[in-house]
Amino acid sequence: MAGLISATGASAGLNQQEIDKRVDKLLNQMTLEEKVGQMAQVTIDLLCEGPDVYSNYEPLRIDKNILKKAIEHYKIGSVLNVPSGKALTREKWYEIISEIQNASMKELKIPMLYGIDAIHGNNYTAGCTLFPQQIAMAASFNRGLVRKGAEITAYETRASNTPWTFSPVLDLGLNPEWPRMWETFGEDPYLASQLGVEMVKGYEGDGKEGAIDVNHVASCLKHFLGYSAAVSGKDRTPAILSENVLREYHLPSFQKAIEAGARSIMVNSGLTNGLPLHADYNILTKLLKEELGFKGVVVTDWMDIVNICSRDHVAATQKEAVKLSVNAGIDMSMIPYNFDFCDYLIQLVNEGEVKMSRIDDAVRRILKMKMELGLFEKPNTHYNDYPKFGCKEFEKASYDAACEVITLLKNENQLLPLTKGKNILICGPNANSMRTLNGGWSYSWQGDKAPEFTEKYNTIFEALQLKNKGGKVTYMPGVSYKMDGKYWEEYEDRFAETVAAAKESDYVVLCLGENSYTEKPGDLQDLYISDLQTEMAKAIAKAGKPVVLVLNEGRPRIISKFESQMNAVVQTYLPGNFGGDALADILFGEVNPSGKLPYTYPRYPNSLTNYWHKYSEEQKKAGGVYNYEADYHPQYEFGEGLSYTTFEYSNLRLSSSVYTVNQPVNITVTVKNSGKVAGKESVLLYVSDLVASLAPDMKRLRAFDKIALQPGESKEVTFTIQPKELSFIGLDNQPKLEPGEFEVSVGGLKQKFTLK
């Protein structure tokens, strides 16, 4: 991505020391009202003409009176979100943000900081390049691929005159009940840490300090901390987590991304151990700012200072909620619909309830990020300066990513790849939908506006139709989603006719999964895939023809009621605009699948166990008494993923059998493509601590790499693990590295070593 356009603006040449001096000088000149305004972030809907703060008139226009109030009276420092609830053109983004920026620079001499949820591409701009969602990108196990996607997203976000993205999500995807699982990198702390770092570097560039050039944006890690661990599995509901568990599993991904230079962080919207994270001084100040040394901006999630009072009942008044959150360590409030936060905070400072030193700390962080982004010299970036926006090169990168994430989970009797020229029936609610390929945060919050922007791309049906030369592809839905209803609402759509057509086909490609959703609207009551889709799968299977089950879903919906009747199973996750093309190429063998599951695919709703579980969760292995299916028995395990070729692992060796705490563990394994076609293989290395003072996990991913091999080709893959990486968090909440025996496993091979 280097050299797309040249960096401009005076801040591009400033180092961190120079930026800090400029920030301190400006801070000393500001009034209390100006400082508090910098800490306030409102939604763009509040600033646009419309019947209320939740909707806008067309054509979209800034309400000049409200903008004047926001900037001249309240000195607002940040704006977020997309007006009218759906994507805008680059030209419209430039128009509305420029108007806001020009007003801010004229009145305050301080630029506005505009933020957007560009999470898998600049998904709120028409014509943008959309990549597979994060859970899919995790299935690639490819650091470079993740970084390239973030680089392109940053470029196209700047092309829309926006310098800040609320991404990546570094919560762990632990529980498939949680509606934001697909926004994560999956269930493993190491995988999330590694890919999170790549995403931050892709967004922000290589430099940890100093300026961010105009091809890059500020990242925002979310959601700190433990957001995904809600007991109920539902969004924004309470979690109960001991501190050592928080530190062992949930903290590493954030810590590594902070070390990589992330400029901002968003706070967990829920409760942990009964306390809203937005009011938790120990988490936001003691842990994040002091222990981890985070120097960036801490921003709330949507309305979450308000929620401390109205939802969580931890504060009696909104003013008290502001006091609790700012004193806890919040730097910027995503208000978003009014200016009450500013009034309350000014009162609290004047009353001595919030110290001026806390205000100065928050504002210093905000001004620093604005200067690092070069906004003082160049508050706007013009779309004409970004000629590669939506280009073929970027589209190819999105297609390549989709090819590399799609995961083959089952392939009985080598059914796949399919033979071209046959009669294929494609059916199911996800067979002919761009909305379901992209998921939420795609042109609109819930992804429901996607059809308005995706006419030029191919659904799964359309892609198969183009590829099946000399054959016939018939589409019948059988089951369809109610596109104007709740995401889970479905209806029979030519059901009997579809089943009859299956009997006349050579192959059936059955596309099941979910409609688009995210956040609270995506909560569910039953993790099984829907009753209607289950009924359809069973009916199609009875037709007696080979069935390829294509899963297009944000989380693993349980399929055990009919999985055994499917001849092949392919997981596409949410693969983006080129997911249909990539899948078609995989189904016909033009691309060899190489994705691997970044989570454990459960077999039953009451058996939601992650791969790194404790030994006691496999008690059937202790003897015959407990040998029953309620133990760890997933549908598919973390790291599973088939290929059209075969890979042989051999010659696993360690540099020693005994190590000291200061001696790196070097591990080498040989991987050979023993099949007949070229392929890519993710080499996953696990380490097991065999005995520890706290019950150890059965195994943990400690290293991975992705390699490409031609038929017959072999490669040696070497990993180096520092002993401190094998430590665990003890009950005193400190890392513990205990002497004893460890076991390395990779590709079915195992070796033990001793740590002294």
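Numbers for residues simply follow the sequence, beginning at 1.
For D304 (side chain) and T300 (main-chain N/O), no donor-acceptor pair under 3.5 Å exists by modelled atom type. In this structure, S433 contributes its side chain and T436 its backbone to a donor-acceptor pair below 3.5 Å. R263 places no side-chain N or O within 3.5 Å of a backbone atom of M369 that could act as its donor or acceptor partner. When atom types are taken as modelled, the side chain of D117 and the backbone of I119 share no donor-acceptor pair closer than 3.5 angstrom. Under the 3.5 Å distance criterion, the side-chain polar atoms of Q446 are left unmatched by any main-chain donor or acceptor of S516. S325 contributes no side-chain N or O that, together with a main-chain N or O of H278, makes up a donor-acceptor pair within less than 3.5 Å. Here the side chain of N384 pairs no donor or acceptor atom with the backbone of P387 at under 3.5 angstrom.
If you check the side chains of R358 and N327, you find no donor sitting under 3.5 Å from an acceptor. Side-chain contact check for D343 and Q347: no donor-acceptor pair (N or O, by modelled atom type) lies under 3.5 Å. Side-chain atoms of Y517 and D523 include no donor-acceptor pair closer than 3.5 Å. Checked by atom type, the side-chain pair H382/S98 shows no donor-acceptor distance below 3.5 Å. No side-chain donor from either of S357 and D360 sits under 3.5 Å from a side-chain acceptor of the other.
Interatomic distance, CD of E34 versus CG of L27, reported as 10.5 Å (0.5 Å rounding). If you take CG on L26 and CG on L108, they are separated by 10.0 Å, rounding to the nearest 0.5 Å. Atom CG of L574 is separated from atom CE of M137 by 13.0 Å, given to the nearest 0.5 angstrom.
In this structure, D24 pairs ionically with R364, as a charged nitrogen and a carboxylate oxygen lie closer than 4.0 Å. Looking at R61 and E49, a side-chain N of the basic residue comes within less than 4.0 Å of a carboxylate O on the acidic one, giving a salt bridge. Comment: K368 does not engage E18 in a salt bridge, judged by the lack of any side-chain N to carboxylate O separation of less than 4.0 angstrom. Electrostatic pairing of D63 and K69 does not count as a salt bridge here, judged by no charged N lying under 4.0 Å from a carboxylate O. Using a 4.0 Å cut-off between a side-chain N of Lys or Arg and a carboxylate O of Asp or Glu, R236 and D301 qualify as a salt bridge.
Note that K222 lies in the cation-pi zone of W441, set by a 6.0 Å cut-off to the ring centre and a 45° limit from the axis.
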Between Y203 and T153, does a side-chain hydrogen bond (donor to acceptor under 3.5 Å, both in side chains) hold up when you go through it step by step?
CA-CA 7 Å; Y203 285 144; T153 297; 5.3 Å; no
Would you sort out whether E204 and S219 count as a side-chain hydrogen bond (donor to acceptor under 3.5 Å, both in side chains), showing the intermediate values?
CA-CA 7 Å; E204 299 196 353; S219 65; 2.8 Å; yes
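Paired with E156 under the rule side chain to side chain donor-acceptor pair (under 3.5 Å), one option of N123, T129, N122, T125 passes, and it is T129.
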